[in-house]
Amino acid sequence: MSGVGTAPAPAPGPRIEPLTSGELATATDELLGRCCFPAPPGRISCAVSGGADSLALLALAVASGLQATAVHVDHGLRAGSAVEAATVAAAAARLGAGFEARTVSVDDGQNLEERLRTARFAALPAAVATGHTMDDQAETVLANLLRGSGLDGLAGMAPGPEHPILGLRRAETRALCDTLGLGVFEDPTNDDPRHLRNRIRAELLPLCAEISGRDPVPILARTAALAGDDCEVLDDAADLAVPDPTDAHLLSAAAVPLARRAVRRWLRDVGATAPTTGRGSGHHPPSAADVARVLDVAAGGAVATEVSGGWRVRRSHGRLYASPGVATNVTPVHTDEAAVDAPDWALPAVGPELVSKEALAQRIAELGAAITADYRDDPPLLVAVLKGAMAFVSDLSREIALPVDIDFMAVSSYGSATKTSGVVRIVKDLDAQIEDREVLVVEDIVDSGLTLNYLRRYLQARNPKNVEVCALLVKEGEQRVELDLRYIGFTIPSSFVVGYGLDVDERYRNLPAVHRYRGEKT
Ligand code: 5GP
């Protein structure tokens, strides 16, 4: 069929003349009833990306009578991100709101979503309002559920001045922008399936709708509201049961759900005030594993533990103390970064340095300081595993400012020259008694982790107080068993290494640095 076509009308461009208060009031009247902005007069900072939700937030904030400022954060990841900022500036001008642009730099790569979020929050003013809607709340609940979070995670975001438009649907924010003629920026990262949230939005929620035959968003939002109410009651109960979360006795005596709650809030406060982690970390609840490990420390099951955000929690005289950590602060070492060749006498079998003499010395001093702090009430017996750990235990022990005892074990593992089998023979046992003592195993390198796993069980059978491990090197991604390593020197790429105590056929232990090995193994 042929005919005379009319060219499609050009899409209406964003209007530029200021909106009148009448226009704004008419468009927002019904929506404002479901928002929870603070009562005017007052100021409010709104995080505005240029998308429909955040532009609607800004319009509603202005309509509610507040003096609003749009704060735009440019991540510098996309070409043309300046256009976004211009979109926001234009909308702010039309609405009679203030405008501020901030820039952060984030590299593309792993955990991008998380890093973007942290950088964004660090750049935004405290108590900034965000344009999260009921649809975002539903996505948050599902994301938290998939993460295995407890009731607090299921409660999602709390409605209030920081989340004033949680009662609105995304379609409503879009419609409001259209009505007001606000130019909306479509963020292409919203379609990127690398982000969990995008897959929840595009795949999981539609599937839930299809299976249940209902719109799951209000249902999930109601779940969040109910969980939020329960959390408030439980928080009050936790306050009563554990008024001081650093009191190890109170924590151990309280009902576990209340003790968990008290620890979680304490860790969050510690993280929120941490100068290196800033606001972003304060927004993320500590993991369930962190909380469980801290409770273990409180109960005397361990002397100290590392928690996310680079913190270490230790117990001393019945109190818990949090300080900057050591094991999570591990430096990954990559070959291309260290091109210093092996000494002539070791060439050509020994490759370039992987961990330099200087890096070893610095890290071992850090480990020694952490061990000194953690064990000051009860100095440990250092159990070094021969022969590989000889250099490490010698240097490490001299960085520990406590009266530690040192003993040695020698083990031989059955297996090929470069891979252990996990079946270990004790060639030399301990001289010292370890019953009721703090034991710290000093290991050279953890590959599959099978040797260490065996050793730990072997030592544990002798009823020590605790067995912890300080491993100088851990090979990335090679562990075949779950290992709780209290102190780690360096994570290294998975390749065979020699030097600083590590050998091939008894050779190269005396190299002062750790090197890749590229010769034959017998
Ligand atoms: P796992 O049981 O963790 O697989 O192996 C641990 C033991 O294997 C270490 O204590 C060490 O003796 C040996 N080992 C593992 N990887 C390396 C390596 O890259 N170089 C050397 N020299 N020994 C290694």
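Scope of the values below: all heavy atoms of this structure, side chains included, with no hydrogens, waters or symmetry mates. In what follows, residues are counted from 1 in the order of the sequence shown. In each ligand, atom 1 is the first atom listed, and ligand 1 is the first ligand listed.
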Is [X] near ligand 1, meaning one of its heavy atoms is under 4.0 Å from it?
X    : value
D503 : yes
V498 : no
S495 : yes

Without swapping roles, check the side chain of Q137 against the backbone of M157 for a donor-acceptor pair under 3.5 Å.
->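 Confirmed, Q137 side chain pairs with M157 backbone.
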
Measure from the side-chain N and O atoms of R261 to the backbone N and O of A238, and report whether any donor-acceptor pair falls under 3.5 Å.
->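 Between the backbone of A238 and the side chain of R261 there is no qualifying donor-acceptor contact (under 3.5 Å).
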
Is there a nitrogen or oxygen of G449 sitting under 3.5 Å from a nitrogen or oxygen of ligand 1?
->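 Yes.
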
Short N or O distance, V446 and ligand 1, threshold 3.5 Å exclusive |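 In fact, backbone or side chain, V446 has no N or O that close.
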
Any idea which atoms of ligand 1 are less than 4.0 Å away from a heavy-atom of D444?
->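 Reading through ligand 1 atom by atom, the close ones are 9 (C), 10 (O).
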
Taking only heavy atoms of T451 into account, list the atoms of ligand 1 that are under 4.0 Å away from them.
->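 It comes down to these atoms of ligand 1: 1 (P), 2 (O), 5 (O), 6 (C).
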
Determine, for D405 against R437, whether the closest basic-nitrogen to carboxylate-oxygen distance falls under 4.0 angstrom.
->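 Here D405 pairs with R437 in a salt bridge, since their nearest N and O are under 4.0 Å apart.
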
Any side-chain heavy atom of L251 sitting closer than 4.5 Å to one from W266?
->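 Heavy-atom side-chain distance check fails, nothing below 4.5 Å.
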
Quick one: look at V504 and ligand 1, take heavy-atom pairs under 4.0 Å, and tell me if it's side chain, backbone, both or neither.
->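 For V504, no heavy atom sits under 4.0 Å from ligand 1.
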
Give the single entry among E443, R509, R507, K475 that approaches atom 17 (C) of ligand 1 most closely by any heavy atom.
->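 Result: the heavy atom closest to atom 17 (C) of ligand 1 is in K475.
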
For the pair Y375 and Y487, name the ring-plane relationship: parallel under 30°, tilted 30 to 60°, perpendicular over 60°.
->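 Tilted, since the angle between the ring planes falls between 30° and 60°.
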
Assess whether side-chain contact (heavy atoms from CB on, under 4.5 Å) is satisfied between L240 and L258, documenting all intermediate values.
-> CA-CA 9 Å; L240 278 178; L258 300 182; over 6 Å; no

Between R398 and S394, is a side-chain hydrogen bond (donor to acceptor under 3.5 Å, both in side chains) present by the stated rule, with each step listed?
-> CA-CA 7 Å; R398 283 175 291 166; S394 160; 2.8 Å; yes

